[in-house]
Amino acid sequence: VAGVFDLLMRWREGAIAYPPGVLRKLVVMGIIGNTLYQLCFTVGLSMTTAANSSLMIATTPALVAFAGAALGIEKLTRNILIGIGMAIGGVVLVLSARGLNFTPERLIGDLLPLGAAICWTYYTLGVRTLGGELSPLRITAMTMVTGVPGLLLLATPELLSVRWATIDINAWAGLAYASLLGLVVAYVLWNNSVRVVGSNRTAIYGCAIPLVASLVAWPVLGELPTPLQGLGAILIVTGVLISRR
């Protein structure tokens, strides 16, 4: 997918020479925002519950806001603070209804998604600091290309043991969905939003992920929303709206 996406970018925008400092920054962003992020997220998810993992990832808006303010990248306003607080509070309510369960045995599994949130914070602020030097499409393509080698190296033992002939069409369809929409389209939209409205206002939308998951699980899996999740949804939406004022 990264190779195809890189070819698409070159077809749309052509080949350009990257300034040395920018190219080095893109390589580091690709390794941290793709290789390390995906490693922490997927391994952590296999060692803890989905609810715990989602809660750790939901700390990203706060990490982005405070790190950006500390580094002088973006100002931390009162509305942003209030919005982040309400949105994260809403996430806690939504996930509490699905069963948060922190135990010493799952400590590493709970910390790895937090590491993923830190990686994504670095990536988001990195996109912000690039300014208007590169398009979101080019940033996404380059960081994907530089993030793939590490993932391939780490996944090689498991790839060699996969029985490819036993994989059905549903699995391939899921892989295509995750690759094209979950990675390519999502990264382009995210990077463009960071450039247009800023890192703080973009990051807070990550709090909506558990809400969307609950809404999708209703018709698909038959999981009826609870009053606690409804209250959490109100807090999330309200927090996002306040942060955009």
Are [X] and [Y] connected, step by step, through hydrophobic side chains (Ile, Leu, Val, Met, Phe, Trp, Tyr) whose heavy atoms are closer than 4.5 Å?
{"X": "L26", "Y": "Y123", "value": "yes"}
{"X": "M29", "Y": "I32", "value": "yes"}
{"X": "L137", "Y": "V22", "value": "yes"}
{"X": "V28", "Y": "M142", "value": "yes"}
{"X": "V43", "Y": "L154", "value": "yes"}

With rounding to the nearest 0.5 Å, note down the distance linking [atom1] in [X] to [atom2] in [Y].
{"X": "N170", "Y": "L175", "atom1": "CG", "atom2": "CG", "value": "12.5 Å"}
{"X": "L112", "Y": "L107", "atom1": "CG", "atom2": "CG", "value": "9.5 Å"}
{"X": "I204", "Y": "M86", "atom1": "CD1", "atom2": "CE", "value": "9.5 Å"}
{"X": "S199", "Y": "L125", "atom1": "OG", "atom2": "CG", "value": "5.0 Å"}
{"X": "I139", "Y": "N191", "atom1": "CD1", "atom2": "CG", "value": "5.5 Å"}
{"X": "N34", "Y": "T146", "atom1": "CG", "atom2": "OG1", "value": "6.5 Å"}

Going by the angle between their ring planes, with limits at 30° and 60°, are W164 and W172 parallel, tilted or perpendicular?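 Parallel: the ring planes of W164 and W172 meet at under 30°.
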
Could you tell me which non-hydrogen atom of [X] sits nearest to which non-hydrogen atom of [Y], and how far apart they are?
{"X": "C119", "Y": "L36", "result": "SG-CB, 3.8 Å"}
{"X": "C207", "Y": "V91", "result": "O-CG2, 3.3 Å"}
{"X": "A117", "Y": "L63", "result": "CB-CD1, 3.9 Å"}
{"X": "A208", "Y": "I236", "result": "CA-CG2, 4.1 Å"}
{"X": "F41", "Y": "S53", "result": "CE1-OG, 3.9 Å"}
{"X": "K75", "Y": "N200", "result": "O-ND2, 3.3 Å"}

Can you check whether [X] reaches [Y] side chain to side chain, under 4.5 Å on heavy atoms?
{"X": "T59", "Y": "L114", "result": "yes"}
{"X": "V127", "Y": "T143", "result": "no"}
{"X": "T48", "Y": "M56", "result": "no"}
{"X": "L180", "Y": "V185", "result": "no"}
{"X": "R128", "Y": "T202", "result": "no"}
{"X": "V92", "Y": "L55", "result": "yes"}

Between the main-chain N or O of [Y] and the side-chain N or O of [X], is there a donor-acceptor pair closer than 3.5 Å?
{"X": "S193", "Y": "L189", "value": "no"}
{"X": "T124", "Y": "T121", "value": "no"}
{"X": "Q38", "Y": "L151", "value": "no"}

Return a table of donor-acceptor pairs under 3.5 angstrom between the side chains of residues 76-85 and protein atoms on other chains or two or more places apart.
residue : atom : partner : partner atom : Å
T77     : OG1  : I80     : N            : 3.2

Excluding L153, membership of its hydrophobic cluster (Ile, Leu, Val, Met, Phe, Trp, Tyr; side-chain heavy atoms within less than 4.5 Å) reads none

Which residue pairs pass the salt bridge (Lys or Arg N to Asp or Glu O under 4.0 Å) test with at least one member in residues 154-179, sequence neighbours excluded?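 Matches after skipping sequence neighbours: none remain.
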
For this output row, return yes or no: ring centroids of Y187 and W190 closer than 6.0 angstrom.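 Ring-ring flag for Y187/W190: false, centres at least 6.0 Å apart.
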
Mark yes when over 12 heavy atoms from residues, nucleotides or ligands other than I108 sit less than 6.0 Å from its CD1; otherwise mark no. no

